[in-house]
Amino acid sequence: MRAYLTAGALITAVLLSGCAPQPAPEPPDTRADDEAAIRAAIMEWSTAAGARDVEKFMAFYAGDAVLMLEDAPDLHGTAAIREALTGMMQDPHFALSFAASDVVVARSGDLAYEMGTYSLTLSGPDGNPGVETGAYVVVWQKQADGAWKVVLDAPVSDPPPGEASAS
């Protein structure tokens, strides 16, 4: 009898372990391809800025993107971002260039961030060109169609020349 109970318990344990939820298979690691796609998008985005092409520039933002400019309220959504950028790009001295130093894609393959430096030229209060340089962080999100779009754009300007930075 004891042999039947032991065999029954063993069979039950084997059957129950087979019913235990199995971990989902890990998705393929596409980080290298995703990074290459984002770096290509950054080049196209920077080219659109250089060409003062608002619509092409805007094509890189997701519909719910946020642009966080210094000394200004955050811009939520493409309509608000387009309005601000249209005004900037109409400035006769407008020039914007940027270059990514780092692009890091999450293992999940749905989010990435980019860090880099930028240079922005706009007309100053006296009408002469004024150049601002700085660093930025951009967060990219993979869309349902597989395209990468910017969901957060946060440039931070360097301190004016001669101004000591806080350490």
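Heads up: numbering here begins at 1 and tracks the sequence.
The two residues Ser97 and Ser46 come nearest to each other via the heavy atoms CA-OG, 4.3 Å. Between Val151 and Gln141, the shortest heavy-atom contact is CG1-OE1, 3.5 Å. Considering every non-hydrogen atom in both Gly109 and Lys142, the closest pair reads O-CE, 3.5 Å. The minimum heavy-atom distance between Pro155 and Tyr118, with the atom names listed, is CB-CE2, 3.8 Å. The two residues Asp158 and Gly134 have their closest heavy-atom pair at OD1-CA, 3.4 Å. Shown here for Arg107 and Pro28, the closest heavy-atom pair between the two residues is NH1-O, 3.7 Å.
The hydrophobic clustering, which links ILVMFWY residues whose side-chain heavy atoms are closer than 4.5 Å, places Tyr136 and Leu85 together. Put simply, Val105 and Leu111 are part of two different groups of oily side chains (I, L, V, M, F, W, Y) that touch within less than 4.5 Å, one to the next. When the side chains of ILVMFWY residues are joined at heavy-atom separations under 4.5 Å, either directly or via intervening members, Leu120 and Phe98 end up in a single hydrophobic cluster.
In this structure, Asp29 CG and Asp34 CG are separated by 9.0 Å, a value rounded to the nearest 0.5 Å. In this structure, Met88 CE and Phe94 CZ are separated by 7.5 Å, a value rounded to the nearest 0.5 Å. Remark: Glu44 CD to Lys56 NZ distance equals 7.5 Å, nearest 0.5 Å.
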Show me the donor-acceptor pairs within less than 3.5 Å that the side chains of residues 75-84 make with the rest of the protein, sequence neighbours left out.
| from | atom 1 | to | atom 2 | distance (Å) |
| --- | --- | --- | --- | --- |
| Arg82 | NE | Glu55 | OE1 | 3.4 |
| Arg82 | NE | Glu55 | OE2 | 3.0 |
| Arg82 | NH2 | Glu55 | OE1 | 3.2 |

Only distances under 3.5 Å count here; give the side-chain donor-acceptor pairs of residues 57-73 to other protein atoms, sequence neighbours excluded, each with its distance to 0.1 Å.
| from | atom 1 | to | atom 2 | distance (Å) |
| --- | --- | --- | --- | --- |
| Tyr61 | OH | Asp153 | OD2 | 2.6 |
| Glu70 | OE2 | Ser157 | N | 2.3 |
| Glu70 | OE2 | Ser157 | OG | 2.7 |

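By the salt bridge (charged side-chain N to carboxylate O under 4.0 Å, His left out) test, Asp53 pairs with no residue at all, sequence neighbours left out. Take Trp140 and apply the ring pair (Phe, Tyr, Trp, His ring centres under 6.0 Å) test, not counting sequence neighbours, and it matches Trp45. Remark: Lys149 engages no residue in a salt bridge (charged side-chain N to carboxylate O under 4.0 Å, His left out) (not counting sequence neighbours). Remark: Asp74 engages no residue in a side chain to side chain donor-acceptor pair (under 3.5 Å) (not counting sequence neighbours).
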Evaluation steps, side-chain contact (heavy atoms from CB on, under 4.5 Å), between Thr117 and Ser101: CA-CA 8 Å; Thr117 56; Ser101 56; over 6 Å; no
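A salt bridge is absent between Arg31 and Glu35; no separation between the charged side-chain nitrogens and carboxylate oxygens falls under 4.0 Å.
Here the side chains of His93 and Leu122 are not in contact, with every heavy-atom distance at 4.5 Å or above. The shortest distance between side-chain heavy atoms of Ile42 and Val103 falls below 4.5 Å.
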